[in-house]
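Taking it in order: structure first as structure tokens, then the write-up.
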Amino acid sequence: MVLIRHIPFLRAVLLHSLTAFGGPQMHLVRMHKIFVEKHRYISEEELMELNAFVQLLPGASSSQLLTLIGYKRSGIGLATITLLIWILPACVLMGALSFLLQFLDAQQVQVNVFRFIQPMAVGFMAFSAFKSYRLFIRHQAPFFIMLGAMLVTVFIKSPWVFPILILSGSIVSNFSDKRIPETGTKPSRIKWGNLWGFVIIFAMAGLLSEVARINEWALRKPVNLFENFYRFGSLVFGGGGVLIPMMFEQYVIRAKTNYLSAGNFLTGAGMVQAFPGPVFAIASFVGGMVLKNMGLGYQLLGCLIGAIGIFLPSLLLVLFFFPVWNNLKKHVVVFRAMEGINAVVVGIMLAATVLLFMSISSPYDLKNIIALLFTFVLLYFTKVPTPLIVLVFLLAGWLL
């Protein structure tokens, strides 16, 4: 790969990384404007097909989509550089936020400016759950799958809940003999050998994490942190709206030590909406907060581990599966499974909305309820940019 000839493309990627606000849906709109309309790096038909493909995979969908645009232009090398440029601004900003909050906590500074960011973050989550419900719950079967997933998530606190629910939802939805894709051709056999690299890293990360925990390694926290984020990045269907509750359950609800408070977590979940780039960049913030008590050097390491651990599975999965996409999309079992998986995702998002709301300090305070509802109303009835919404609540916290 001659990198110099791809500088205009990478410049467009950087522009996108600095201007793409609002989550995967808005990211797709920006990609269409920059990469299809303005520069013609990809056709509209190709962009839409790639977008459909990444919805079948766990991980950061908008990141995977942009990675594939780079891959189609010049292979794995350019794809990797594209991903790095895309995630860098958001990860730097979210990592810096972890240092800011750590400094304010150490100085025992009460920052009222973040006062309404927490209920605002729950409002974003509620809106995401509502949109997903309208999009994916169209039959009685997915409704009951969603309801079961929501109840299990609320009442059972275990890191295995999410993967088990996703697997269960995909199995249950396959009992239906309806909703079969009309491909017109018999699908070819998929060669799963391409997944060995991903599986080996997954297994080794889990093994090392368990050994570190049992033997109480001095550096077990960074090892465990990488395993956690790699697992999240490998199992998250539904984007940041599902990743955030998984992290909340792991590091706030289940945490035996004071990794980070519910208030700080919700501040991070709210502020990530104000920054351009992927919502998955919240991993840099959480990683830094988890290792903050080990010193500034380890806190920076936590930010790096968070970014690498959460985005590496997305990169590996999309590059492994893309060459067999034309076969994969013909498999009936995949399409049936996706209905169940999407129903589980909606259930998890609804449960997360409840859990996140209950974690707010004084959740039933009238001002918090108004902030949550006002966020939802703005998102539903207007096209106000998300950074502006965040700015409004920052100003409200400062003034009120």
Side-chain angles (χ1 to χ4, degrees), residues 21-23 25-26 93-94 97-98 100-101 104-105 109-134 150 153-154 238-253 255 258-275 279-283 285-286 289 346-400:
F21 295 91
Q25 292 77 22
M26 293 304 299
L93 289 170
M94 290 304 296
L97 180 63
S98 75
L100 175 61
L101 292 188
L104 296 175
D105 287 344
V109 176
Q110 183 67 33
V111 185
N112 289 327
V113 70
F114 293 122
R115 177 180 177 184
F116 296 114
I117 292 297
Q118 298 172 27
M120 182 209 72
V122 180
F124 274 107
M125 179 63 68
F127 180 71
S128 296
F130 174 75
K131 285 187 63 178
S132 297
Y133 178 88
R134 296 187 63 181
M150 182 180 70
T153 303
V154 169
V242 179
L243 175 67
I244 288 173
M246 289 180 76
M247 289 185 176
F248 182 79
E249 194 268 347
Q250 178 81 33
Y251 292 111
V252 177
I253 295 178
N258 185 25
Y259 285 136
L260 70 164
S261 67
N264 281 343
F265 181 90
L266 286 170
T267 297
M271 290 303 296
V272 75
Q273 305 292 338
F275 299 145
V279 176
F280 272 52
I282 192 176
F285 168 79
V286 175
M289 295 299 288
V346 177
I348 292 173
M349 294 173 72
L350 289 171
T353 302
V354 175
L355 293 173
L356 290 171
F357 176 74
M358 296 305 297
S359 70
I360 296 174
S361 178
S362 303
Y364 298 111
D365 183 283
L366 183 60
K367 291 181 180 179
N368 287 332
I369 295 175
I370 291 174
L372 190 160
L373 294 176
F374 185 61
T375 301
F376 187 94
V377 168
L378 282 178
L379 292 170
Y380 185 78
F381 290 104
T382 74
K383 295 183 179 180
V384 176
T386 55
L388 185 57
I389 296 175
V390 176
L391 179 61
V392 167
F393 281 107
L394 288 173
L395 290 173
W398 180 50
L399 295 173
L400 297 180

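We count residues from 1, following the sequence as given.
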Can you list the residues that meet the ring pair (Phe, Tyr, Trp, His ring centres under 6.0 Å) rule with [X], with sequence neighbours excluded?
| X | value |
| --- | --- |
| Y364 | F357 |
| F116 | none |
| Y133 | none |

Return the minimal non-hydrogen interatomic distance between [X] and [Y], and the atom names on each side.
| X | Y | answer |
| --- | --- | --- |
| M271 | L394 | SD-CD2, 4.3 Å |
| S98 | M289 | O-SD, 3.5 Å |
| V252 | S261 | CG2-O, 4.3 Å |
| N368 | P119 | O-CB, 3.4 Å |

Please report the interatomic distance [atom1]([X]) to [atom2]([Y]), rounded to the nearest 0.5 Å.
| X | Y | atom1 | atom2 | result |
| --- | --- | --- | --- | --- |
| F280 | I244 | CZ | CD1 | 9.5 Å |
| L97 | F275 | CG | CZ | 6.0 Å |
| L100 | M94 | CG | CE | 11.0 Å |
| F124 | L379 | CZ | CG | 5.0 Å |
| F127 | T353 | CZ | OG1 | 12.5 Å |

Check whether more than 12 heavy atoms from other residues, nucleotides or ligands sit under 6.0 Å from atom CZ of F376, and answer yes or no. yes

